[in-house]
Amino acid sequence: MERLTSMDPTLPLVQLLGDPALDEEKEDELKEIMEYATGVGPNFNNINDEYVETVRDYGLHIHPYTVNDKETMETALE
């Protein structure tokens, strides 16, 4: 992703995260990601409200994946 950014810094890149840091290390992880990406794509099953809020506080977009049914989508939208 860093190579893509160096080739075209206008590309909006999202870092996929299967298991994002939820503890005190999350801020370090997000600071690093901010250097080359416009957002994160965490596994929806591995995040919580606090994580979403922190991502937004860092000015990053959040695009969770594994939202595969209506019920999960409704939960995600809440």
Side-chain angles (χ1 to χ4, degrees):
M1 291 186 68
E2 290 171 343
R3 185 168 178 220
L4 283 173
T5 300
S6 70
M7 293 167 61
D8 184 352
T10 65
L11 288 173
L13 300 177
V14 174
Q15 177 64 60
L16 295 180
L17 301 169
D19 191 20
L22 297 179
D23 53 14
E24 63 275 352
E25 294 178 10
K26 73 176 169 271
E27 294 190 22
D28 292 336
E29 181 177 67
L30 293 173
K31 285 178 187 175
E32 183 179 327
I33 291 169
M34 285 177 57
E35 294 179 19
Y36 60 89
T38 59
V40 294
N43 182 319
F44 181 72
N45 298 314
N46 296 335
I47 61 173
N48 57 30
D49 291 342
E50 181 185 345
Y51 182 79
V52 173
E53 187 175 315
T54 303
V55 168
R56 290 179 176 161
D57 287 347
Y58 274 82
L60 293 166
H61 298 280
I62 185 161
H63 303 280
Y65 64 93
T66 61
V67 179
N68 299 324
D69 56 55
K70 183 178 179 180
E71 182 179 301
T72 306
M73 177 59 77
E74 289 170 353
T75 300
L77 291 172
E78 288 176 11

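By convention here, the first residue in the shown sequence is residue 1.
- One hydrophobic cluster holds both Leu77 and Ile62 under the rule that ILVMFWY side chains link at heavy-atom gaps under 4.5 Å.
- Side-chain atoms of Leu17 and Glu29, non-hydrogen and from C-beta on, do get closer than 4.5 Å to each other.
- Contacts classified as salt bridge (Lys or Arg N to Asp or Glu O under 4.0 Å) and involving residues 62-78 (residues at least two apart or in different chains) are not found.
- Judged purely by atom type and a 3.5 angstrom limit, Thr72 has no side-chain atom pairing as donor or acceptor with the backbone of Val67.
- The shortest heavy-atom contact between Asn43 and Gly18 is CB-O, 3.3 Å.
- The structure places CG of Asp49 at 10.5 Å from OG1 of Thr54, a figure rounded to the nearest 0.5 Å.
- Across every non-hydrogen atom of His61 and Val55, the tightest pair is O-CG1, 3.9 Å.
- Neither Leu13 nor Leu16 shares a network with the other; the hydrophobic side chains, linked directly or stepwise wherever heavy atoms of I, L, V, M, F, W or Y lie under 4.5 Å apart, form separate groups for each.
- The nearest pair of heavy atoms linking Leu4 to Leu11 is O-CD1, 4.3 Å.
- Closest approach of Tyr51 and Pro20 over heavy atoms only: OH-CB, 3.5 Å.
- Here OG1 of Thr75 is found 10.5 Å from CE of Met73. Values are rounded to the nearest 0.5 Å.
- Legend: side-chain hydrogen bond (donor to acceptor under 3.5 Å, both in side chains) pairs involving residues 6-22, not counting sequence neighbours, sorted by first then second residue: Asp8-Thr10, Gln15-Tyr36.
- Nearest heavy-atom pair, Pro64 versus Ile47, reported as atom, atom and distance to 0.1 Å: CB-CD1, 4.3 Å.
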